[in-house]
2 protein chains.
Amino acid sequence: MEVFTDLVEQLRRRGERLTPQRRLVLEILQNSEQHLSAEAIARAIVLRYPNLQIDQATIYRTLKWLHQHDLVSETSLGGNHMVYSLLSAHHNHHHLVCDQCHTVIEVEPELLVPVAAALQERYGFQARLAHISLFGTCAACRLQDEGEV
Amino acid sequence: MEVFTDLVEQLRRRGERLTPQRRLVLEILQNSEQHLSAEAIARAIVLRYPNLQIDQATIYRTLKWLHQHDLVSETSLGGNHMVYSLLSAHHNHHHLVCDQCHTVIEVEPELLVPVAAALQERYGFQARLAHISLFGTCAACRLQDEGEV
DNA sequence: AATACAGCTGCAACTATTCGCACGAGGTCG
DNA sequence: CGACCTCGTGCGAATAGTTGCAGCTGTATT
């Protein structure tokens, strides 16, 4: 896979160590189109390599490491766990999460571009605006609320 | 305290039950200018009423309940715990959290108003935009990074 | 190919938060 | 003012994620 070697190269150039565990997590993320939880990643690993085992702490540490290197996003979608996904330029987006029905609407990344620009300009702050979640009430639930009142 | 009775009235009107525990949490939040963690609230309660005791699960449930009723904000500032504060119109703001030095910069709530408007218009989504945290790198850390490279 | 060492890994304990359940107490109605 | 019903509370166990530590392994160097 090109993407894979590409990421590996990127990390190696930064002087980062590439252990089998890290490659594994990277491989799983790369083969998934969706956001994955740490547990889902663990399950995917044993599914693909039933004789391997990798500690959950290592998975969490690897995800945090990938996040620090801006290779994966770490997002809350309102559940009690975080979800992770590779930061490929193509699939970036943000999330609108309905507090009531938990529906997730994906919105285009451009939404927050002006915000990023403003923060950069006014505070010199370089925001990491990828896969942000915003919580609130979706149109359907709002209508229903009004009906009930 | 006016604010207090005001909030209590607001909740009562919505048909919510006001237990001593809930009043207690509300009172603590109301007397603090800062964001408080669940644990800090628990400590504040025993400090003020040493003979009372209130279960931590209850504190969490109360905070969630207040959040659902849009009376408090629940925010992550990058640590491993959430912080809570009363949603009074005056003190609202958002947070820029530096991933490296963990400095928190407060920014005016107006920053996200256009975003809220866009979401409302395009998706009918009513976002809860109070005390949002955005993560990234602050000016100081970015300069330092460049120096090192 | 052997060395050295910083930086990983596994393990088990720990923190923050949530959940299930049985009991208790707010608020409403008569 | 007393009963009733619903909802909240305390308790203890469960879950997601983190941390300390001792041993192991990538990787640069030779």
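Residue numbers start from 1 in every chain, and the chains themselves are labelled A, B, ... in the order their sequence lines are given, proteins ahead of strands. All of these numbers come straight from a predicted model, not from anything done at the bench.
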| note | Closest to the side chain of B:Arg22, out of D:dC11, D:dG8, C:dG10, is D:dG8
| request: Can you figure out which of D:dA16, D:dT18, C:dT9 approaches the side chain of A:Asn80 most closely? | output: D:dA16
| query | B:Tyr60 side chain N/O closer than 4.0 Å to the phosphate oxygens (OP1, OP2) of C:dT17? | reply | yes
| said: Within the 4.0 Å heavy-atom criterion, would you say A:Glu39 contacts the bases, only the backbone, or no part of the nucleic acid? | reply: nothing
| message | Tell me the interatomic distance from A:Leu36, atom CG, to D:dG17, atom C1', rounded to whole angstroms. | response | 17 Å
| Distance-only donor-acceptor test, A:Arg61 side-chain atoms vs C:dG10 base atoms, 3.5 Å | yes
| query | What's the CG-P distance between A:Asp55 and C:dA12, to the nearest Å? | reply | 9 Å
| 5'-most by nearest nucleotide on DNA chain C - A:Pro20 or B:Tyr84 | A:Pro20
| Nearest to the side chain of A:His81 - D:dG17, D:dG10, C:dG26? | D:dG17
| Below 4.0 Å: OP1/OP2 of D:dT27 and any side-chain N or O of A:Arg12 | yes
| task | Round to the nearest Å and state the distance from B:Gln56 atom CD to D:dA14 atom P. | result | 16 Å
| Considering only C:dC11, D:dG17, D:dG26, which nucleotide approaches the side chain of A:Ala57 most closely? | C:dC11
| Quick one: B:Met82 CE to D:dG17 C1', roughly how many Å, whole number? | 12 Å
| Nearest-Å distance for atom pair CD/P, residues B:Gln21 and D:dC7 | 17 Å
| field | Spacing between B:Arg43 atom CZ and C:dT15 atom P, to the nearest angstrom | value | 14 Å
| message | For a quick test of reading the model: is some side-chain N or O of A:Thr19 closer than 4.0 Å to OP1 or OP2 of C:dG7? | response | no
| said: Looking at A:Ser133 and A:Ser76, would you say the former's side chain and the latter's main chain have a donor-acceptor pair under 3.5 Å? | reply: yes
| task | Give, for atom CD of A:Glu16 and atom CH2 of A:Trp65, the distance between the pair rounded to the nearest 0.5 Å. | result | 5.5 Å
| field | Nearest-nucleotide pick for B:Arg17, side chain only, options being D:dG8, C:dG10, C:dT18 | value | D:dG8
| Pair A:His93 + A:His91: ring centers closer than 6.0 Å | no
| request: Please determine which of A:Lys64, A:Arg14, A:Gln10 meets the side chain to side chain donor-acceptor pair (under 3.5 Å) test together with A:His69. | output: A:Arg14
| request: Can you figure out which of D:dG10, C:dG27, D:dG8 approaches the side chain of B:Leu18 most closely? | output: C:dG27
| request: Tell me which nucleotide among D:dG8, D:dT9, C:dG26 gets nearest to the side chain of B:Thr62. | output: D:dT9
| Could you walk me through whether A:Leu134 and A:Val97 pass the side chain to side chain contact (heavy atoms under 4.5 Å, CB included) check? | CA-CA 6 Å; A:Leu134 297 174; A:Val97 185; over 6 Å; no
| task | Take atom CD of A:Gln53 and atom P of C:dC11, then tell me their distance rounded to the nearest Å. | result | 6 Å
| task | Please state whether the phosphate of C:dG10, meaning OP1 or OP2, lies under 4.0 angstrom from any side-chain nitrogen or oxygen of A:Thr58. | result | yes
| task | Scan B:His94, B:His67, B:His35 and name whichever one has a ring pair (Phe, Tyr, Trp, His ring centres under 6.0 Å) with B:His131. | result | B:His35
| message | Nearest whole Å is fine: how far is C:dT18 P from B:Ile59 CD1? | response | 13 Å
